[in-house]
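These notes concern the structure reproduced below.
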2 protein chains.
Amino acid sequence: MRLDDLDRRIVARLLEDARASYAQIGDAVGLSAPAVKRRVDRLREEGVITGFAAVVDPAALGWTTEAFIEIFYNGARSPEETYESVRRHPEVIAAYTVTGEADALIHLRARDIAHLEETLERLRREPKIAQTKTSIVLSRLIGRPTDGPDT
Amino acid sequence: MRLDDLDRRIVARLLEDARASYAQIGDAVGLSAPAVKRRVDRLREEGVITGFAAVVDPAALGWTTEAFIEIFYNGARSPEETYESVRRHPEVIAAYTVTGEADALIHLRARDIAHLEETLERLRREPKIAQTKTSIVLSRLIGRPTDGPDT
DNA sequence: TATGAAACAATGGCCAG
DNA sequence: CTGGCCATTGTTTCATA
């Protein structure tokens with residue numbers, strides 16, 4: 001599963017435009033279209049590329065409020081239980097177990113402040129959640145492609 | 001810029017597979033391929049869809065360490081200055097100004113713990129940064145499509 | 001919004017290095 | 001084993017209604 005330089009350049013190109021044709025990518029990296037396709041197929045099989053997604057502006061869809069919530073659990077809290085306590089809330093777009101004071105960190109998006117408040121109340125009703133600490137996002141300064149650095 | 005139900009279903013389809021053909025999307029939503037294309041073109045013009053990106057597994061590229069850093073500045077720290085202090089670090093994949101104790105929250109990815117440590121030291125040398133508080137990601141529980149909820 | 005035509009892209013087979 | 005080329009099939013994209 002070792003990637004050579006050509007693979008990395010193909011991935012970089014697909015991070016910028018997942019709908020680029022194989023011929024376009026080939027022009028950029030110096031390969032023919034079928035050669036690019038074979039590499040992309042291989043990268044998908046190996047799990048380096050897991051899919052292709054549209055990049056959508058949540059604000060344009062009416063989701064204008066974003067927050068990070070540190071979660072503190074009481075007692076036992078395996079990753080599975082943590083997962084169970086947040087997966088049902090569709091506002092949660094990412095969740096992590098972390099080192100440090102908090103047990104978990106979740107990233108959520110809501111339509112507005114009222115919706116955020118409603119979501120927080122709903123989260124706090126989860127039995128194992130003892131405490132939450134909310135940081136509302138004021139501005140997004142950086143948001144790189146697929147959350148993956150320059151390959 | 002109002003989206004109807006057809007638009008939302010097209011966006012949902014493209015979030016799952018940005019390389020789906022217009023004909024495939026048309027089959028799924030009950031439209032002809034050209035009709036789908038014109039809607040997608042319009043959604044891009046309106047900024048609802050800002051691009052298409054490959055979804056890459058950072059671990060497969062050798063980026064196995066992930067962390068969130070709360071940043072505390074001393075004195076003046078406009079969003080622009082905050083941006084300037086983090087943009088040059090390629091390990092930073094997202095950065096936000098937030099409410100709460102910290103002034104900013106950054107999300108970063110490194111190849112390993114040594115690389116994370118090196119990045120933290122580099123960040124702490126930024127003149128305006130007074131203090132940092134790091135939470136290393138132990139496991140990712142949820143990571144929804146484009147960081148955008150169900151449209 | 002659908003249809004049809006022309007241009008373009010994807011993809012499998014096959015051969016060369 | 002990896003890339004190039006060719007031919008087939010499918011897709012995009014325009015004109016037109």
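Lettering follows sequence order; numbering is per chain, from 1.
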Item to check | Inter- and intrachain pairs under salt bridge (Lys or Arg N to Asp or Glu O under 4.0 Å), touching residues 22-32 of chain B, at least two apart | outcome: none
Item to check | Sugar-phosphate, base or nothing in reach of B:Arg39, heavy atoms under 4.0 Å | outcome: sugar-phosphate
Next on the checklist: Can you list, in residue-number order, the parts of residues 24-36 of chain A that come under 4.0 Å of DNA chain D, counting heavy atoms only?
Outcome noted: A:Leu31, A:Ser32, A:Pro34, A:Ala35
Next on the checklist: Does A:Arg38 reach a base, just sugar-phosphate, or nothing at all? Heavy atoms under 4.0 Å.
Outcome noted: base
Next on the checklist: Taking side chain to side chain donor-acceptor pair (under 3.5 Å) as the cut-off, I'd like each qualifying pair that reaches into residues 32-41 of chain A, sequence neighbours left out, listed once.
Outcome noted: A:Asp4-A:Arg39, A:Asp7-A:Arg39, A:Lys37-A:Asp41
Checklist entry - Under the ring-ring contact (aromatic ring centres under 6.0 Å, His included) test, which residues partner A:His115, sequence neighbours left out? => result A:Trp63
Checklist entry - Going by atom types alone, do A:Tyr96 and B:Ser135 pair a side-chain donor with an acceptor below 3.5 Å? => result no
Item to check | Sequence-distant partners of B:Asp112, salt bridge (charged side-chain N to carboxylate O under 4.0 Å, His left out), two or more places apart | outcome: none
Checklist entry - Residues two or more places apart in sequence or in another chain: which of them pass side-chain hydrogen bond (donor to acceptor under 3.5 Å, both in side chains) with A:Asp57? => result none
Checklist entry - Who passes side-chain hydrogen bond (donor to acceptor under 3.5 Å, both in side chains) against B:Thr65, sequence neighbours left out? => result none
Item to check | Nucleotides bounding contact with chain B, strand DNA chain D, heavy-atom threshold 4.0 Å | outcome: D:dT11 to D:dC14
Next on the checklist: Rounding to an integer number of Å, can you tell me how far A:Asp41 CG sits from C:dG12 C1'?
Outcome noted: 11 Å
Item to check | Listed partners of B:Glu117 passing side-chain hydrogen bond (donor to acceptor under 3.5 Å, both in side chains), at least two apart | outcome: none
Checklist entry - Taking CZ from A:Phe52 and P from C:dA10, how many angstroms apart are they, rounded to a whole number? => result 11 Å
